[in-house]
There are 2 protein chains.
Amino acid sequence: MFGLILKKHTMRLFVWLLAALVCQNAVAQVEDSLLIKNLSDEILLRSTAYENLRVLCKTVGGRLAGSPNMLKAESWGQKTLEQAGADRVWLQECLVPHWERGGTDSAWYSVKGNGNQKVRLDILALGNSVGTGEKGILLPAILVQDFADLEQKKDQVKGKIVVFNNVFNNTYLETFLSYVDDGIYRRSGPSRAAKYGAAAVMIRSITGSTDNNPHTGSTAYDSTQPKIPAAAMGLKDADQLIALLKSGKQVDIYYRSGANFKPDATGHNVIGEWKGTEFPDQYITVGGHLDSWDPAEGAHDDGTGCVHSIEVLRALKAMGYKPRHTIRVVLFANEENGLRGGRKYAQEAVSKNEKHVFALESDAGGFTPRGFSFSFSEEQLNKLRRWLPFFEPRGVHRFTTGGGGADVSPLNALLKTPVAELTPDGSRYFDLHHARNDVFEQVNKRELDLGALNMAILIYLVDKYGLEQ
Amino acid sequence: MFGLILKKHTMRLFVWLLAALVCQNAVAQVEDSLLIKNLSDEILLRSTAYENLRVLCKTVGGRLAGSPNMLKAESWGQKTLEQAGADRVWLQECLVPHWERGGTDSAWYSVKGNGNQKVRLDILALGNSVGTGEKGILLPAILVQDFADLEQKKDQVKGKIVVFNNVFNNTYLETFLSYVDDGIYRRSGPSRAAKYGAAAVMIRSITGSTDNNPHTGSTAYDSTQPKIPAAAMGLKDADQLIALLKSGKQVDIYYRSGANFKPDATGHNVIGEWKGTEFPDQYITVGGHLDSWDPAEGAHDDGTGCVHSIEVLRALKAMGYKPRHTIRVVLFANEENGLRGGRKYAQEAVSKNEKHVFALESDAGGFTPRGFSFSFSEEQLNKLRRWLPFFEPRGVHRFTTGGGGADVSPLNALLKTPVAELTPDGSRYFDLHHARNDVFEQVNKRELDLGALNMAILIYLVDKYGLEQ
């Protein structure tokens, strides 16, 4: 009898505890749903991301590391973070490479037997490339299909301008894979051709676009080879030139580039901090990079990442949210041709023994969001995927492995900080990446706001629940 | 012992049958994967959708039912379907309404006490609206927030121009819901105001855009009320005008519209047929609508739906596919202000006792695909969702209920044909829907091709496996 009573009591206690637990979970879920609905309304109705981006693109414009515009962009970042409500905004100094285009690139070609007719080539020197000297170079062109073909023709390239017929592979379902695949010609093409005595290299721009805008981006010289000038051609011009070379015509190319390196300049990461209430010494970072290539406004690359990150802070703060951890918005210096800002941020975190809980980057454009890519294993991700119902109605339908953005990767490498990156729809990104059409007008307000919204939801959930589960 | 042998034999037979079944399924799966990969490459490398769209937008342009451009568009459709490889192309005649804008709409307003200053309003008469007469009207404006406010002000609207402050609700996660919600002011606003003696109605354009382009679209008069002129204002102009009215200023609006109805004209559905090898008398329809509003090129609405559908046929045929059912590509007449084409197609199917297995429409723009919406229950959809792995890497991640497009809905209503619609990302659609910026340049080639690809996969799977499962 007594046992039965005890059992009854234990049973009641158990049921009560279970009910409390269920209730607690249910309450938390309702709380999350409500907060996320409010966050959604806050951003979809009152986001300042689009207007912030307009000011960055139209009053600063292109902002290559070391350029005067880099400093103007830093001022913009400082002011905009203050307006968004950061408790404290500061500049974290770091040396950045100072590569200059040195005036407008110029190129044309002429076909033997076609008089003196010069056909203009729309080109851009690759970032970090050497120039040609003031007079430029006028040399015979040689068509090279790929690196295998280069090996075949290694005795024929000496003193010539190697024209690579590197084609962006549209059959990849993820355009980022096409970019990585084709990008090897931009990064390694110049030095691989220089090895056999080539005088310069021209590649097809790394894009599947339908227009003729050339796309720049860093090349990486192999220090054991001579550095030769390298440029990217617009695809329509490249198609015409390559068709001539394929038909066996003898073509001379003229190319002039004033590209040159100056000594390293002083740049800064712009950091806005919002103090945590419970773990003020534990950091959650959200950021994008402030620098951009010179011929564009750097709207999608990566103005959108900067204004996304600023909006996360503004919106959560505007709602009266109190973060448990300290949230830092970081506008990184010099992603494009050095990654010095990302490295500096991580090195300082190491030297100050900071605890970094999570770092999120947006550096894949301000297009409609589709997912987040994490530095986690599939197993860890499966646990996080219970959060997907908060994201799915807002466009993010996948959590994938693959790591975070370039600027947060040093945090992951040095401190094992879990990192992630927003992965928007990639259909349009490489149509404008590093090209003159990467301008404010290419950004859609709602797509931009949806990106900020999904990032804000992720930051909220990580701040509230952590990632150790 | 004998029993054991029998058992052994039965067992072997069972295992063999099971293995055959598993193998058959496995073979079918591999076959599907290979075919879909080839289809993917065919469309991503050789799609003609973008070039077809360019020709439609740039050589025909806007193509409202009854207009000379409607006939030019029909010729384009006929020729393009023949080039895509249809066995037979024909025009299915149907009468279409013939509403005309009658020249450029013109409007301005002046504020009492502000001299004779006329502030221009960028507006478009709503489709099917009556005009104002040649001289136009100059009348006092009255601000009405919504239909509840109209009831409050019913004694004040007589002889005035009612300005509705209908705001597009950006907090909806699906912009199509915002459109339906706000669109009631376009459809019903004029007659509801006319009931109380209003002389004309101006609404805010049904859009959440950041620009000032006005957006037209059909209004629907209540036959028991007088028909009064109705127009949509660009949002920036509307904001300014409404701010003045809110501040209590007395504002007069001038409005001139030559809008008028002519007798019904003869239009056509353009139909391209590809004979089925196994069930030639059973039809799978895939289509979009060929008509568009007059002030735009009708690129996303619905040029993309037409070229999507044509590409489905072209790509499957180019691969040597032999359809089991007869596939029909239908470019429907007069979706925008009548739905006469869709009705005609279904009525003829009924009168000819045709068996229609499935009908798919694309009429939500050529943006990056996200899903398909079906006329099925959740339970039926759950069975179809086993196909999702074929779609997910190509952008389509959801099958939802909700039905098909407008033009295929009569097939569903009259013949119970299962119908579906491509549901691309909706972020940008209402920024250009029925407005002058719905032009070819707003369409991205890769996004367009991904839409066609996912449609082609769905048509292939339905053709191969049917929907009765």
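Within every chain, numbering begins at 1; the chains are lettered A, B, ... in the order of the sequence lines, protein sequences first and strands thereafter. Only this structure's heavy atoms are used, side chains among them; waters, hydrogens and symmetry mates stay out.
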If you check both backbone and side chains, which donor-acceptor pairs between chain B and chain A fall under 3.5 Å?
unit_1	atom_1	unit_2	atom_2	d
B/N170	O	A/R446	NH1	3.0
B/Y172	O	A/R446	NH2	2.7
B/L173	O	A/R446	NH2	3.4
B/T368	OG1	A/R370	NH2	3.3
B/T368	OG1	A/D425	OD1	2.7
B/T368	OG1	A/D425	OD2	3.4
B/P369	O	A/R370	NH2	2.6
B/R370	NH1	A/G395	O	3.0
B/R370	NH2	A/T368	OG1	3.3
B/R370	NH2	A/P369	O	2.6
B/G395	O	A/R370	NH1	3.0
B/D425	OD1	A/T368	OG1	2.8
B/D425	OD2	A/T368	OG1	3.3
B/R428	NE	A/E447	OE2	3.4
B/D431	OD2	A/N444	ND2	2.7
B/N444	ND2	A/D431	OD2	2.7
B/R446	NH1	A/N170	O	3.0
B/R446	NH2	A/Y172	O	2.7
B/R446	NH2	A/L173	O	3.4
B/E447	OE2	A/R428	NE	3.4

Examine whether an atom of B/I43 lies under 4.5 Å from a heavy atom of chain A, and if so say whether it belongs to the side chain, the backbone or both; otherwise answer neither. neither
What part of A/L173 gets closer than 4.5 Å to chain B, counting heavy atoms only: side chain, backbone, both or neither?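 It is both, since atoms from each part get that close.
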Between B/L45, B/L453, B/L44, B/L450, which shows the greatest number of heavy-atom pairs under 4.5 Å with chain A?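 Of B/L45, B/L453, B/L44, B/L450, B/L44 has the most heavy-atom pairs under 4.5 Å with chain A.
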Please identify each residue that fulfils ring pair (Phe, Tyr, Trp, His ring centres under 6.0 Å) with B/F399, with sequence neighbours left out. B/F374, B/F391
